[in-house]
Amino acid sequence: MKKVLFATVILLAAITTRAQKSDIKFQGGLDLGIPVHNLRGTSIGAGLDVMAIYSISSEAALTGDFGYTALFAKYGEPTTSLLPLRIGLRYYPSENFFVGGKIGAGFMSNSGSSVTTFAYSLGLGYQFAPRFEIGGSLDGYSKNGSVGLLNLRLGYTFN
């Protein structure tokens, strides 16, 4: 957990320093996920995330995100926690529509045990109001096997 906090502080410090000189947006998101691969004992996932979006051109942006998703278990089993820390790229084929991908580390914990995984995400989205966007993604976490979620995200841009 100390590594997660350290990485988050470094990411936010770099983004904040760069934000003073450039066009960077910060976004908060609400996530709702359905398990689609190797998560048979869970029913649904819900979470929050924070994302930084740095425009490198009118058609592309770099992203960095950190979040928390709780995977609620069936049959009284304990909840699984997912904490992704990822960087990515967004491509805007039109002004309001985007496709993107992210890679990084995912931290999974359940009943006191935790594991660090390779985290990835492929998705698309649409900005439907000046500060709101909706998107869908397939998120995966891999280490000696993989697990996956199909996510729906509602994002709010702060600046």
Student: Would you find more than 12 non-hydrogen atoms of other residues, nucleotides or ligands less than 6.0 Å from Ile34 atom CD1?
Tutor: no
Student: Test side-chain contact (heavy atoms from CB on, under 4.5 Å) on Tyr91 and Glu59 and set out the steps.
Tutor: CA-CA 6 Å; Tyr91 172 69; Glu59 297 177 334; 4.1 Å; yes
Student: Just jot down the side-chain hydrogen bond (donor to acceptor under 3.5 Å, both in side chains) partners of Ser81, sequence neighbours excluded, or say none.
Tutor: Tyr68
Student: Linking I/L/V/M/F/W/Y whenever any side-chain heavy atoms sit under 4.5 Å apart, do Leu124 and Leu89 land together?
Tutor: yes
Student: For Leu48 and Asp31: C-alpha separation, side-chain torsions, deciding distance, then whether side-chain contact (heavy atoms from CB on, under 4.5 Å) applies.
Tutor: CA-CA 6 Å; Leu48 303 169; Asp31 302 289; 5.7 Å; no
Student: Which heavy-atom pair separates Thr79 from Ala70 by the least distance, and what is that distance?
Tutor: CG2-CB, 3.9 Å
Student: When rounded to the nearest 0.5 angstrom, what distance separates CZ in Phe97 from OH in Tyr126?
Tutor: 10.5 Å
Student: Side-chain donor-acceptor pairs under 3.5 Å in residues 128-138, sequence neighbours left out?
Tutor:
residue	atom	partner	partner atom	Å
Arg131	NH1	Thr157	O	3.0
Arg131	NH1	Phe158	O	2.8
Glu133	OE1	Gln27	NE2	3.3
Glu133	OE1	Arg90	NH1	3.3
Glu133	OE2	Arg90	NH2	2.7
Glu133	OE2	Arg153	NH1	3.3
Ser137	OG	Asp139	OD1	3.0

Student: Do you reckon Phe118 sits in the same ILVMFWY cluster as Leu85, going by side-chain contacts under 4.5 Å, direct or chained?
Tutor: no
Student: With rounding to the nearest 0.5 angstrom, report the OG to CD distance, Ser43 to Glu77.
Tutor: 12.0 Å
Student: Okay, side chain of Thr117, backbone of Gly106: is any donor-acceptor separation there less than 3.5 Å?
Tutor: yes
Student: Which atom names give the shortest non-hydrogen contact between Leu82 and Tyr141, and what distance separates them?
Tutor: CD1-CE1, 3.7 Å
Student: Tyr156: which residues meet the side-chain hydrogen bond (donor to acceptor under 3.5 Å, both in side chains) condition with it, sequence neighbours left out?
Tutor: none
Student: Below 4.5 Å, heavy atoms only, C-beta onward: do Asn151 and Thr69 meet side chain to side chain?
Tutor: no
Student: For Asn110 and Pro78, which heavy atoms make the closest approach, and how far apart are they?
Tutor: OD1-CG, 3.3 Å
Student: Quick check: closest heavy atoms across Ala61 and Ile53, and the distance to 0.1 Å?
Tutor: CB-CG2, 3.7 Å
Student: Applying a strict under-4.5 Å side-chain criterion to I, L, V, M, F, W and Y, I'd like to know whether Phe72 and Leu32 cluster together.
Tutor: yes
Student: Is there side-chain contact between Thr80 and Val147, with at least one heavy-atom pair below 4.5 Å?
Tutor: no
Student: Which heavy atom in Thr116 sits nearest to a heavy atom in Ala105, and how many Å separate them?
Tutor: CG2-CB, 4.5 Å
Student: Determine, using the 4.5 Å side-chain heavy-atom cutoff (strictly less than), whether Tyr120 and Leu122 are members of one ILVMFWY cluster.
Tutor: no
Student: For the residue pair Ile24 and Ala52, what are the closest heavy atoms and their distance?
Tutor: CD1-CB, 4.3 Å
Student: Quick one: do Ile103 and Phe66 end up in the same hydrophobic cluster if we chain Ile, Leu, Val, Met, Phe, Trp and Tyr together by side-chain heavy atoms under 4.5 Å apart?
Tutor: no
